Asks: 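Take a look at this one; I'll ask things after.
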Amino acid sequence: MVSVDTPEDNKAFAEKEQADFPLLSDPDKKVANAYGVIPPDRPADRQFASRWTFYIGPDGKILAIDKGATGRGINPATAGQDLITKLTELGVKKKAAPKK
């Protein structure tokens, strides 16, 4: 996951939400701009990243991009199931559950 927030803000978010996944802080928005998730015509104080999901293969190539039904971003309420559906469509194998 990439966020245009500061490392400190992302750390607080991860701790609050008990996030157990990598989170890249991109406060200068270089990565977000490279992936086109910030509309270039927005003023600097309104440059928020769209919530798009990029599915990247083992070879580093983008396999699919989910921009949501409206093209403005994914729906957080359905994002988990949407992710599972797309990974299944792409033929990504399920990982075995960790042993307890």
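Being a predicted model, the structure only gives us computed values, none of them experimental. In what follows, every heavy atom counts, from backbone to side chain, and hydrogens, waters and symmetry copies are set aside.
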Asks: Can you tell me how far the OG1 atom of Thr53 sits from the CE atom of Met1, to the nearest 0.5 Å?
Replies: 9.5 Å

Asks: Do you know which two heavy atoms are closest between Arg46 and Arg42, and how far apart they sit?
Replies: O-CD, 3.0 Å

Asks: With rounding to the nearest 0.5 Å, note down the distance linking CG in Asn10 to CG in Asp5.
Replies: 5.0 Å

Asks: Work out which heavy atom in Gln47 is nearest to a heavy atom in Lys29; give both atom names and the distance.
Replies: O-NZ, 3.2 Å

Asks: Going only through I, L, V, M, F, W and Y residues with side-chain contacts under 4.5 Å, is there a path from Ile65 to Ile38?
Replies: yes

Asks: How far does CZ of Phe13 sit from OG1 of Thr6, to the nearest 0.5 angstrom?
Replies: 13.0 Å

Asks: Residues two or more places apart in sequence or in another chain: which of them pass side chain to side chain donor-acceptor pair (under 3.5 Å) with Thr78?
Replies: Asp82

Asks: Tell me whether Ile74 is reachable from Val2 by hopping between hydrophobic residues (I, L, V, M, F, W, Y) whose side-chain heavy atoms are closer than 4.5 Å.
Replies: no

Asks: Do you know which two heavy atoms are closest between Pro39 and Phe48, and how far apart they sit?
Replies: CD-O, 4.3 Å

Asks: Ile56 and Val92: same hydrophobic cluster, using ILVMFWY side-chain contacts below 4.5 Å?
Replies: no

Asks: For Asp28 and Asp26, what are the C-alpha separation, side-chain angles and deciding distance, and is it a side-chain contact (heavy atoms from CB on, under 4.5 Å)?
Replies: CA-CA 6 Å; Asp28 61 5; Asp26 182 32; 3.0 Å; yes

Asks: State, to 0.1 Å, how close Ser25 and Pro27 come at their nearest heavy-atom pair, and which atoms those are.
Replies: C-CD, 3.3 Å

Asks: Going by salt bridge (charged side-chain N to carboxylate O under 4.0 Å, His left out), name the pairs with one or both residues in residues 85-99, residues two or more places apart or in two chains.
Replies: Lys86-Glu89

Asks: Would you list the pairs meeting side-chain hydrogen bond (donor to acceptor under 3.5 Å, both in side chains) in which at least one residue belongs to residues 60-76, sequence neighbours left out?
Replies: none

Asks: Working to the nearest 0.5 angstrom, can you tell me the gap between Tyr35 OH and Ile62 CD1?
Replies: 5.0 Å

Asks: What distance separates Tyr55 OH from Leu63 CG, expressed to the nearest 0.5 Å?
Replies: 10.5 Å

Asks: Say whether Phe54 and Val31 are linked into one hydrophobic cluster, either directly or through other cluster members, by side-chain heavy-atom distances under 4.5 angstrom.
Replies: yes

